[in-house]
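Below is one structure, written out as structure tokens; the observations come after it.
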Amino acid sequence: MPVESLPVRDASVQFRLLQQYLLLLKKYPILTKSVTSGILSALGNLLSQILETRKKVKRGALVAGEIDTAGAARYAIYGLFITGPVSHYFYQLMEVWMPSTDPYCIIKRLLLDRLVFAPGFLLLFYFVMNILEAKGWEDFENKIRRSYWTALKMNWKVWTPFQFININFVPVQFRVLFANMVALFWYAYLASVRK
């Protein structure tokens, strides 16, 4: 009995979305990664807000139940203009600086990501969010003193195994997407720790 292939128009919605994403990724890599980063960053912030509300309700606190759309918009802006493009170029440059033919590339890539990129990118996150929140330098310094080191240590704990997989085994064109999927939950954590 012959097996029939389904035409694309009869394929599942998920398959068509994946096909469309791959096409856009090929034609417009930076824009696609940027838009994806913006959407997933905003979703991470919304997830944080939902979790915080549930936590307050469990403690018996009265909760207005309103979503901070401005907060989600700030995360979307950060993802769109910072996370997407910066991550795209970082992963591309990593391939040039540390090609897979280098016998120590696995360790070098991980050390570069964890000891250089992660601290700088987290600092950039704090700085840009401070600007988007229209807060002054003093507030930025206070947030850095109060929570940067804690967030960086948590970053090293949470992200290191994921980044080991990402930078060594995920094809370069999918690394931003992979990181964005992890970041969905990471941004939920950051949104709660920066408060």
Side-chain angles (χ1 to χ4, degrees), residues 8 11-48 72-129 132 148 151-191:
V8 173
S12 71
V13 172
Q14 297 90 345
F15 179 74
R16 287 191 311 233
L17 284 173
L18 177 61
Q19 266 190 324
Q20 189 63 39
Y21 178 80
L22 293 174
L23 177 68
L24 290 171
L25 189 60
K26 190 173 185 173
K27 287 178 79 172
Y28 312 104
I30 299 169
L31 181 61
T32 303
K33 293 171 188 178
S34 296
V35 170
T36 304
S37 294
I39 291 168
L40 290 175
S41 296
L43 288 175
N45 179 267
L46 292 171
L47 177 63
S48 169
R74 286 190 292 272
Y75 275 74
I77 290 167
Y78 184 80
L80 179 67
F81 293 107
I82 306 292
T83 304
V86 170
S87 298
H88 168 82
Y89 286 113
F90 174 71
Y91 293 132
Q92 295 292 326
L93 287 172
M94 186 183 284
E95 287 297 306
V96 173
W97 294 336
M98 298 164 193
S100 57
T101 55
D102 181 340
Y104 299 107
C105 78
I106 289 175
I107 299 300
K108 287 179 180 178
R109 287 177 178 187
L110 191 62
L111 290 174
L112 175 67
D113 180 75
R114 302 291 67 221
L115 300 177
V116 177
F117 187 73
F121 198 69
L122 183 61
L123 186 63
L124 181 63
F125 171 81
Y126 273 78
F127 182 71
V128 171
M129 283 297 161
L132 293 174
Y148 176 79
L152 182 59
K153 288 188 292 186
M154 184 60 78
N155 178 298
W156 287 334
K157 288 177 190 173
V158 171
W159 278 93
T160 300
F162 291 110
Q163 282 299 86
F164 177 79
I165 293 165
N166 193 20
I167 59 182
N168 291 302
F169 303 108
V170 174
V172 71
Q173 69 269 26
F174 298 120
R175 288 181 189 163
V176 176
L177 178 62
F178 181 88
N180 281 331
M181 298 306 290
V182 177
L184 177 67
F185 301 100
W186 174 247
Y187 284 138
Y189 166 77
L190 278 183

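The shown structure was predicted, so the numbers you read here are calculated from the model rather than taken from an experiment. Note that these values count all heavy atoms, side chains included, but never hydrogens, waters or copies made by symmetry.
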Partner of I167 under side chain to side chain contact (heavy atoms under 4.5 Å, CB included), picked from V172, L112, L110, I106, is L110

Sub-6.0 Å ring centroid separation between F169 and F174
no

Here the pair of heavy atoms bringing Y126 nearest to A151 is OH-CB, 3.5 Å

Using 30° and 60° as the class limits, which term best fits the ring planes of Y78 and F121: parallel, tilted or perpendicular?
tilted

OG1 of T32 to NZ of K26, rounded to nearest 0.5 Å, is 13.0 Å

Output for pair (H88 NE2, L93 CG), nearest 0.5 Å, gives 9.0 Å

Output for pair (M98 CE, R109 CZ), nearest 0.5 Å, gives 8.5 Å

When you compare the side chain of V116 with that of F90, does any pair of heavy atoms fall below 4.5 Å?
no

Smallest heavy-atom separation, N45 atom then A72 atom, equals OD1-N, 3.2 Å

Donor-acceptor check, side chain of R74 to backbone of L132, threshold 3.5 angstrom: yes or no?
no

Has Y148 got a side-chain atom pairing as donor or acceptor with P119's backbone, closer than 3.5 angstrom?
yes

Expected list for residues 176-183: side-chain donor-acceptor pairs under 3.5 angstrom, two or more places apart:
{"unit_1": "N180", "atom_1": "OD1", "unit_2": "S37", "atom_2": "OG", "d": "3.2"}
{"unit_1": "N180", "atom_1": "ND2", "unit_2": "S37", "atom_2": "OG", "d": "2.9"}
{"unit_1": "N180", "atom_1": "ND2", "unit_2": "V176", "atom_2": "O", "d": "3.2"}

What one should report as the nearest heavy-atom pair of P85 and G79 is CD-O, 4.3 Å

Worked check of side-chain contact (heavy atoms from CB on, under 4.5 Å) between I82 and F125:
CA-CA 9 Å; I82 306 292; F125 171 81; over 6 Å; no

Check: F164 main-chain N/O paired with N168 side-chain donor or acceptor under 3.5 Å:
yes

Here the gap from Q92 atom CD to Q173 atom CD, rounded to the nearest 0.5 Å, amounts to 9.0 Å

Test item: Y75 and M129 side chains (from C-beta on) under 4.5 Å apart, heavy atoms:
yes

Rounded to the nearest 0.5 Å, what separates atom CG in L80 from atom CD1 in I77?
8.5 Å

Answer yes or no: does atom OH of Y21 have more than 12 heavy-atom neighbours from other residues, nucleotides or ligands under 6.0 Å?
yes

Under 4.5 Å between any side-chain heavy atoms of L17 and Q14, yes or no?
no

Which class fits the ring pair W159 and F162: parallel under 30°, tilted 30 to 60°, perpendicular over 60°?
perpendicular

Quick one: does any side-chain atom of W156 pair with a main-chain N or O of R114 as donor and acceptor, under 3.5 Å?
yes

Might you work through the side-chain contact (heavy atoms from CB on, under 4.5 Å) test for V86 and F117, ending with a clear yes or no?
CA-CA 10 Å; V86 170; F117 187 73; 3.9 Å; yes

Just how far is it from atom OG1 of T83 to atom CG of L40, taken to the nearest 0.5 Å?
10.5 Å

Exercise: identify the closest heavy-atom pair between L43 and L184
CB-CD1, 3.5 Å

